[in-house]
Engineer: 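If you scroll down you'll find the structure; I have some questions about it.
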Amino acid sequence: MHKNNIVLVGYMGCGKSTIARELLYGRPVSPIDTDVEIEKRKGMTIAEIFEKEGEMSFRDEETMFLQELLEKDMQDAVLSTGGGMPLREENRKLLKKFGFVVYLKASPEETLERLKDDTSRPLLKAPDRLERIKSMIAQRQQVYEETADLTILVDGKSPTQIVEEIRKEMA
Ligand code: S3P
């Protein structure tokens with residue numbers, strides 16, 4: 001049984017970090033953000049890890065991070081994950097074990113709008129960003145839905161609205 005932990009999954013730009021912070025608003029704890037933690041551990045940005053060590057190495061870091069997190073036996077934590085975290089079956093199991101998994105589902109168009117000026121995400125370096133986003137979301141959608149205990153559509157909604165929906169569904 002997970003101890004009131006919440007896990008946020010979803011494609012890049014769906015708002016995981018923002019919603020994680022909002023879920024803990026007013027509490028003396030910060031969300032755990034897997035990208036931030038991995039950057040700290042490696043002393044490199046995600047872009048540098050991809051460039052110097054490759055995506056596979058980054059994916060291994062993600063799995064190792066989750067394995068260690070599970071050992072800490074945390075309670076009332078909010079975990080914000082990198083968009084590719086649920087791709088590995090082992091990670092899906094670990095995420096579900098850690099907490100109640102919420103998929104923040106954004107359309108490709110909304111995603112593009114949110115990420116149009118972003119230069120930090122190596123997987124979005126593509127001549128046609130919308131096409132890249134569409135095809136990656138199409139490939140991943142099922143995995144996100146399978147991992148999630150709850151799916152929230154986020155297009156056009158404010159963080160406050162999204163958090164209210166999550167709370168209502170979890171009550
Ligand atoms: C990735 C998403 C990124 C980051 C990395 C790979 C992905 O995290 O982990 O660039 O494969 O979707 P965000 O979802 O926080 O942008």
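Counting from 1, the numbers follow the sequence of the chain as shown. Just so it is clear, the values below take in all heavy atoms, side chains as well, and ignore hydrogens, waters and symmetry mates. As the structure lists them, so they are numbered: ligands from 1, and atoms in each ligand from 1.
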Engineer: Examine the proximity of ligand 1 to Leu123 and report which part, side chain or backbone, both or neither, has a heavy atom under 4.0 Å away.
Structural biologist: side chain

Engineer: Under a heavy-atom criterion of less than 4.0 Å, does Met85 contact ligand 1?
Structural biologist: no

Engineer: Does the N or O separation between Gly84 and ligand 1 drop below 3.5 Å for any pair?
Structural biologist: yes

Engineer: For atom 12 (O) of ligand 1, grab the closest protein heavy atom and report residue, atom and distance to one decimal in Å.
Structural biologist: Arg140 NH1, 2.7 Å

Engineer: Checking contacts here: is it the side chain or the backbone of Glu55 that comes within 4.0 Å of ligand 1, counting heavy atoms only? Could be both or neither.
Structural biologist: neither

Engineer: Below 4.5 Å, heavy atoms only, C-beta onward: do Val102 and Ile152 meet side chain to side chain?
Structural biologist: yes

Engineer: When you compare the side chain of Leu23 with that of Arg167, does any pair of heavy atoms fall below 4.5 Å?
Structural biologist: yes

Engineer: Of the protein's non-hydrogen atoms, which lies at the shortest distance from atom 3 (C) of ligand 1, and what is that distance?
Structural biologist: Asp35 OD2, 3.6 Å

Engineer: Which is it for Arg59 and ligand 1 at heavy atoms under 4.0 Å: side chain, backbone, both or neither?
Structural biologist: side chain

Engineer: Side chains of Asp149 and Met170, heavy atoms from C-beta outward: is any pair under 4.5 Å?
Structural biologist: no

Engineer: To the nearest 0.1 Å, how far is atom 16 (O) of ligand 1 from its closest protein heavy atom, and which atom is that?
Structural biologist: Arg121 NE, 2.6 Å

Engineer: Can you tell if the side chain of Met85 reaches within under 4.5 Å of the side chain of Val7, non-hydrogen atoms only?
Structural biologist: no

Engineer: Evaluate the side-chain proximity of Met74 to Phe98: yes if any heavy-atom separation is below 4.5 Å, no if none is.
Structural biologist: yes

Engineer: Considering all heavy atoms of both residues, which atom of Lys96 and which atom of Val101 are nearest to each other, and what is their separation?
Structural biologist: CA-CG2, 4.1 Å

Engineer: Of the protein's non-hydrogen atoms, which lies at the shortest distance from atom 14 (O) of ligand 1, and what is that distance?
Structural biologist: Lys16 NZ, 2.5 Å

Engineer: Where is the nearest protein heavy atom to atom 10 (O) of ligand 1: which residue, which atom, and how far?
Structural biologist: Ile46 CG2, 3.6 Å

Engineer: Between the side chains of Lys157 and Glu165, is the shortest nitrogen-to-carboxylate-oxygen separation below 4.0 Å, so that they form an ion pair?
Structural biologist: yes

Engineer: Counting only nitrogen or oxygen atoms and a 3.5 angstrom limit, does Gly83 reach ligand 1?
Structural biologist: yes

Engineer: Is Arg114 paired with Asp155 through a side-chain N to carboxylate O contact shorter than 4.0 Å?
Structural biologist: no

